[in-house]
Amino acid sequence: MNTDEKKNKHFIEKIIEDDLANGRVPGGEIVTRFPPEPNGYLHLGHAKSIILNFSLAEQYGGRCHLRLDDTNPEKEDMEYINAIQSDIRWLGFDWGDHLYHASDYYQQLYEIAVSLIKENKAYVDSLTPEQMKEYRGTLTQPGKNSPDRDRSIEENLRLFEEMKEGKHPEGSYLLRAKLDMASPNLNLRDPALYRIKFAHHPRTGDTWCIYPMYDYTHPISDAIEGVTHSICTLEFEDHRPAYDWATSIDHIDHTPHQYEFARLNINYTVMSKRKLLFLVKNKLVDGWDDPRMPTLVGVRRRGYSPEALNMFIARVGVAKVESVVDFALLEFCVREDLNKRAKRVMAVLKPLKVTVTNYPEGETELIEVENNPEDPGAGTRKIPFSRTLYIEQEDFMEVPMKGYRRLFPGNEVRFKGAYYLTAQEVVQDEEGHVIEVLCTYDPESRGGTTPDERKVRGTIHWVSAAHAVEATVRLYDKLFLTENPGERTGNYLDDINHDSLVTLTECKVEPSLVQSTPGEYLQFMRNGYFTLDTSDSSPESLVFNRTVTLKDSWTRKKGQ
RNA sequence: UGGGAUGUAGUGUAAGGGUAACACAGCAGUUUCUGGUACUGCAUUUAGGGGUUCGAAUCCCUUCAUCCCAGCCA
């Protein structure tokens with residue numbers, strides 16, 4: 001492998017290429033795996049791991065397994081097992097026949113445990129959890145051996161068998177590896193291998209009442225499946241010696257290796273399943289798929305595309321430095337992708353009535369507009385224009401501020417795709433609010449240009465009042481107000497953005513939108529990207545979610 | 001004060017002894033039937049200190065900072 005080929009590769013790619021080049025990969029096929037615990041929904045952090053593992057396998061012609069790490073029946077659920085699979089498929093990956101569960105290996109794991117006991121490498125301990133803690137020592141002090149450490153092999157075998165048969169209550173006994181209670185690495189101080197749990201397992205039901213621990217199950221599962229590169233996050237670095245111990249015992253004839261990378265953090269959000277579960281359970285959000293959630297189901301409902309997510313993860317990179325990625329990068333990737341594919345439509349969120357005084361009453365004409373200027377192949381559609389229209393309240397100012405290019409008295413602007421209109425006068429309610437703008441139009445400007453080629457500074461969107469469809473539009477913003485929720489007070493809930501959802505009703509959208517389908521990517525012209533909500537929308541009552549705003553240099557300038 | 005890791009523009013990530021770069025964010029401008037897109041330009045970087053070397057982000061020493069580990073969770 002010459003060094004040129006290593007350029008711009010991340011460290012895991014370099015390791016793999018090195019292993020491949022030096023014949024360290026059995027059969028030359030690299031095998032990775034994504035091993036989620038089915039105790040919650042997948043989030044953006046998992047997306048990084050999924051994309052890393054699956055694309056590495058793709059890139060080097062290997063395979064990637066999906067393995068549900070279901071060793072703790074108390075927290076795990078069939079609902080999650082199913083959701084995980086659909087999320088990974090949505091992201092664009094396929095594990096083929098390689099769907100596994102740690103629970104598939106329970107029998108084998110048990111038999112290996114029995115062998116370890118016979119080899120005097122594991123023992124049954126009767127220390128209480130409190131005693132365990134005491135005996136473990138601290139970060140700076142070594143632990144001490146449990147009095148049970150020297151129990152005879154026969155006794156250990158008998159006890160373990162009884163544990164398995166359910167003869168002992170939870171917490172009474174534990175199977176532990178006999179490693180080193182004085183190790184500076186706490187994970188090596190006789191780690192627990194099996195605990196007793198009388199819990200119903202989503203897949204194995206009540207077959208077992210002893211369940212294997214992560215440090216024992218995970219490496220052996222990897223070995224059984226022939227995983228070559230077992231990629232996990234940084235906090236497992238300390239567990240690598242335990243991983244290496246488990247994969248080097250007899251009864252295992254394949255040696256996978258563990259590599260650790262930095263998990264994905266994004267500012268203005270939280271990414272722990274515990275916190276996300278809390279938000280869901282306490283109804284701080286609408287569920288795991290609330291569009292403000294960083295879950296895959298959430299961002300999907302919000303209108304993010306899997307392509308945008310893949311682009312995002314690619315740009316974030318893979319390294320060992322703990323880092324926090326800007327939410328702005330995610331939004332950039334979403335816009336980048338949606339700009340190319342979203343169908344442009346007219347939608348007025350906060351309507352202001354406009355009457356075209358010199359346009360014939362009762363007449364309607366159809367204006368042809370392009371569906372996507374970035375994609376000529378997207379074609380055109382026709383939208384109705386008439387005497388009474390709605391425009392955005394923000395697109396009219398009775399007294400224009402400096403730099404304002406939209407509609408104001410005496411100013412001529414283009415109504416996108418239709419005509420040039422000039423504001424003549426306003427109609428106010430008794431409180432002095434402008435409730436209607438009276439305009440005149442230039443019949444020669446049809447289509448948005450004039451024979452004399454005169455320029456207008458502004459182009460605004462509009463809908464025809466008589467043809468518009470009413471819709472509800474949900475404007476989503478960041479769920480948290482601060483970059484690092486909880487940093488200031490210690491409680492992330494203190495930083496929740498209570499204005500993260502603004503619901504607008506009586507929005508006016510162009511009639512073609514009644515045919516919109518969930519999953520369709522839309523751009524509300526000059527406003528943002530939107531998509532039909534998957535659960536609350538119906539043809540009679542449209543509900544759109546804002547995916548992300550358009551970049552807006554005007555409100556920024558205005559605000560300064 | 002044990003062990004494991006990590007420090008490159010504001011944020012991510014490259015550069016593996018030879019001119020510190022790319023993207024996002026920021027700022028300024030050009031184009032435009034979206035104040036979008038596209039395009040152009042500007043500003044800002046090797047944690048500190050020593051050393052080796054003609055030459056150091058890169059090698060050595062040292063200091064500092066940050067993160068992870070004391071579940072019968074994963």
Side-chain angles (χ1 to χ4, degrees), chain A residues 3 6-10 14 35-37 39 69 71-72 74-76 102 125 127-129 132-134 136-143 170-176 183-189 191-197 211 213-215 217-218 232-241 260 262 267 273-274 315-333 335-336 339-340 344 369-370 373-374 403-406 413-418 447-449 455-461 483 523-528 549-558:
Chain A
T3 48
K6 289 189 181 178
K7 275 186 178 159
N8 295 324
K9 299 272 169 79
H10 60 69
K14 288 175 185 169
E37 182 189 8
N39 66 345
D69 218 343
T71 56
N72 187 356
E74 283 172 352
K75 293 182 180 172
E76 296 152 9
D125 200 347
L127 250 32
T128 64
M132 271 278 282
K133 194 173 175 177
E134 228 180 275
R136 187 159 33 232
T138 68
L139 293 178
T140 50
Q141 290 170 334
E170 288 188 12
S172 58
Y173 289 106
L174 201 61
L175 184 72
R176 293 228 260 168
S183 170
N185 182 341
L186 295 264
N187 299 116
L188 260 24
R189 319 244 259 231
L193 264 25
Y194 270 92
R195 76 285 216 192
I196 300 170
K197 266 186 204 292
Y211 289 94
M213 303 286 292
Y214 172 87
D215 274 336
T217 313
H218 196 84
C232 62
T233 45
L234 253 27
E235 69 269 28
F236 292 100
E237 241 160 355
D238 285 346
H239 292 251
R240 198 183 331 133
E260 310 85 14
N267 57 17
K273 278 196 251 184
R274 199 197 96 241
R315 287 182 187 244
V316 159
V318 180
K320 297 196 69 147
V321 206
E322 281 274 8
S323 57
V324 183
V325 176
D326 261 341
F327 184 71
L329 179 64
L330 212 207
E331 292 202 320
F332 167 81
C333 292
R335 291 189 187 106
E336 178 99 334
N339 176 50
K340 285 179 291 189
R344 271 62 171 171
V369 292
E370 53 190 347
E374 303 295 317
Y404 193 75
R405 304 187 201 149
R406 284 112 93 150
V413 299
R414 178 188 296 108
F415 276 43
K416 174 77 188 173
T449 51
K455 302 280 186 200
V456 285
R457 288 280 281 160
T459 298
I460 65 176
H461 62 280
E483 286 198 30
Q523 185 195 99
F524 287 4
M525 266 301 173
R526 302 206 307 129
N527 202 316
T549 60
L550 247 32
K551 221 170 118 183
D552 181 3
S553 55
W554 168 242
T555 45
R556 199 198 318 263
K557 184 183 277 186
K558 194 174 62 173

Please give, in whole Å, the distance from B/A70 P to A/H239 NE2?
7 Å

Please check if any side-chain donor atom of A/N267 sits under 3.5 Å from a side-chain acceptor atom of A/D326, or the reverse.
yes

Reckon A/K197 has a side-chain N or O less than 4.0 Å from the OP1 or OP2 of B/C73?
yes

NA contact type, A/L188, heavy-atom cut-off 4.0 Å: base, sugar-phosphate, or nothing?
nothing

Name the nucleic acid region contacted by A/G403, choosing base, sugar-phosphate or nothing; use a 4.0 angstrom heavy-atom cut-off, strictly under.
base

Measure the CD-CG distance between A/E74 and A/N39 for me, rounded to the nearest 0.5 Å.
12.0 Å

Ring centroids only, cut at 6.0 angstrom: are A/Y214 and A/F236 within range, meaning strictly under it?
yes

At 4.0 Å (heavy atoms only), tell me whether A/P373 reaches a base, stays on the sugar-phosphate, or touches nothing.
base

Rounded to whole Å, please give me the gap between CD in A/E134 and P in B/C72.
14 Å

So A/D552, base contact, sugar-phosphate only, or nothing? Heavy-atom distance under 4.0 Å.
sugar-phosphate

Do the side-chain N or O atoms of A/R556 get closer than 4.0 angstrom to the phosphate oxygens (OP1, OP2) of B/G26?
yes

Taking atom P of B/U34 as reference, at what distance in whole Å does atom CZ of A/R335 sit?
18 Å

Under 4.0 Å between a side-chain N or O of A/R136 and OP1 or OP2 of B/C72?
yes

Separation of A/E336 atom CD from B/C39 atom P, in whole Å?
9 Å

Look at all strands and tell whether A/K551 reaches a base, only sugar-phosphate, or nothing, counting heavy atoms closer than 4.0 Å.
sugar-phosphate

Mind checking A/D238 for me? I need base, sugar-phosphate or nothing, with any heavy atom below 4.0 Å counting as a touch.
base

Just how far is it from atom CE of A/M213 to atom CG of A/L174, taken to the nearest 0.5 Å?
7.5 Å

If we require ring centres under 5.5 Å and near-parallel planes under 30°, does A/W554 stack on B/G35?
yes

B/C73 OP1/OP2 closer than 4.0 Å to side-chain N/O of A/T71:
no

OP1, OP2 of B/G36 versus side-chain N and O of A/R344: anything below 4.0 Å?
no

Given B/C69, is OP1 or OP2 found less than 4.0 Å from the side-chain N or O atoms of A/R189?
no

So what does A/E170 touch, heavy atoms closer than 4.0 Å: a base, only the sugar-phosphate, or nothing?
nothing

Does the side chain of A/S323 get closer than 4.0 angstrom to OP1 or OP2 of B/U11 through an N or O atom?
no

Have a look at B/G71 and give me syn or anti from its glycosidic angle (syn if within 90° of zero).
syn

Select base, sugar-phosphate, or nothing to describe what A/R240 touches, counting heavy atoms under 4.0 Å on all strands.
nothing

